[in-house]
Colleague: 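Below is the structure I would like to discuss, written out as structure tokens.
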Amino acid sequence: MDTFDCIATKVELREFAKDKTVKAEAKAKILEAARLTGSSRNTQHWRFVVVENDENLKRLASDSTTGPWAAGADFAVLILTDPKIPGHAIDAGIALQDMQLAAWNLGIGSGIFTGVREDKLRKDFAIPQNLEVTAIACFGYPLGNVTGKKKNRKPLTEIAFGEKYGNELKLN
Ligand SMILES: Cc1cc2nc3c(=O)[nH]c(=O)nc-3n(C[C@H](O)[C@H](O)[C@H](O)COP(=O)(O)O)c2cc1C
């Protein structure tokens, strides 16, 4: 898929097909996208915990405050970053986006959440104290047809300016 089309058509999913499982090669490609992502000073401080087991996905859902739908995912990836690295959350964000786009290119949907019951999550997934659980991405084939789903976005004129904040953008 063309990169722009991938960005334009990718939507967040919170429901996943039960009857179609994601193959190991596809999972490996999604993780490879994360591995190839750049990071602050190329520190590559992120770590990824892949959760595939149904019981653990249910545990992940119960450890979340904003992602109860994680229980229905095919698999999930916990993105851990080192909070001592400046820009660590940006590093998590771009690795996450690269995984989501690599997945969407294969027809695999994804949804992310950040709200967690931290102590329980750390215990359940053996997260080291020096790493932060910055985001969690859940993957699976879409339930039903999600192509053409309209995105609710502000117009460019409201969010982008020319030369100085507030100036109308007129691209040359
Ligand atoms: C930093 C960040 C945190 C998010 N946290 C959650 C979350 O906790 N739970 C959730 O259901 N969606 C979460 N989302 C998903 C957003 O709600 C979603 O990206 C937005 O609604 C746009 O969705 P769309 O691309 O399908 O239009 C988060 C997105 C971002 C970028």
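Just so you know, ligand 1 is whichever comes first in the structure, and atom 1 is the first atom listed for that ligand.
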Colleague: Ion pair present between Lys29 and Glu32, side-chain N to carboxylate O less than 4.0 angstrom?
Modeller: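 Salt bridge flag = no for Glu32 with Lys29.
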Colleague: Among the clusters formed by ILVMFWY side chains lying less than 4.5 Å apart, do Leu13 and Phe113 turn up in the same one?
Modeller: yes
Colleague: Looking only at protein heavy atoms, identify the closest one to atom 9 (N) of ligand 1 and say how far it is in Å.
Modeller: Thr66 O, 3.0 Å
Colleague: Consider ligand 1: state whether an atom of it lies below 4.0 angstrom from any non-hydrogen atom of Asn152.
Modeller: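 Judged by the 4.0 Å heavy-atom criterion, Asn152 does not count as contacting ligand 1.
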Colleague: State whether the shortest distance between N or O atoms of Ile112 and N or O atoms of ligand 1 falls below 3.5 angstrom.
Modeller: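 Between Ile112 and ligand 1 (N or O atoms, distance only) the closest approach is under 3.5 Å.
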Colleague: Can you get from Leu31 to Phe139 by hopping between Ile, Leu, Val, Met, Phe, Trp and Tyr side chains that sit under 4.5 Å apart?
Modeller: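 In one cluster with Leu31: Phe139, yes.
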Colleague: Atoms of ligand 1 less than 4.0 Å from Thr114 heavy atoms?
Modeller: 3 (C), 5 (N), 7 (C), 8 (O)
Colleague: Among protein heavy atoms, which sits nearest to atom 27 (O) of ligand 1, and what does the distance come to when rounded to 0.1 Å?
Modeller: Arg153 NH1, 2.9 Å
Colleague: May I ask you to check if ligand 1 and Lys151 share an N or O to N or O distance below 3.5 Å?
Modeller: no
Colleague: Any idea which heavy atoms bring Lys120 and Ser62 closest together, and the distance?
Modeller: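 Scanning both residues, the minimum pair turns out to be NZ-OG, 3.6 Å.
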Colleague: Could you tell me whether atom 1 (C) of ligand 1 has at least one protein heavy atom nearer than 4.0 Å?
Modeller: no
Colleague: Do the side chain of Asn105 and the main chain of Met1 share a donor and acceptor less than 3.5 angstrom apart?
Modeller: yes
Colleague: Group every Ile, Leu, Val, Met, Phe, Trp and Tyr by side-chain heavy-atom contacts under 4.5 Å, then state whether Val51 and Leu131 land in the same group.
Modeller: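 As far as the 4.5 Å side-chain criterion goes, Leu131 and Val51 are connected within one cluster.
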Colleague: Pick whichever of Lys10, Glu12, Arg14 has a heavy atom sitting closest to atom 11 (O) of ligand 1.
Modeller: Arg14
Colleague: Using a 4.0 Å cutoff against the non-hydrogen atoms of Phe113, which atoms of ligand 1 qualify?
Modeller: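 In order of number, 5 (N), 6 (C), 7 (C), 8 (O), 9 (N).
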Colleague: Could you go step by step and tell me if Lys27 and Asp74 meet the salt bridge (charged side-chain N to carboxylate O under 4.0 Å, His left out) rule?
Modeller: CA-CA 10 Å; Lys27 291 175 186 165; Asp74 183 292; 3.7 Å; yes
Colleague: For the pair Asn167 (side chain) and Phe161 (backbone), establish whether a donor and an acceptor sit closer than 3.5 Å, ignoring hydrogens and angles.
Modeller: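 Checked: no pair found.
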Colleague: Could you tell me, atom by atom, which parts of ligand 1 come under 4.0 Å of a heavy atom of Trp69?
Modeller: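 Answer, ordered by atom number: 10 (C), 11 (O).
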Colleague: Would you check the N or O atoms of Lys149, main chain and side chain alike, for any that come under 3.5 Å of an N or O of ligand 1?
Modeller: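 In fact, backbone or side chain, Lys149 has no N or O that close.
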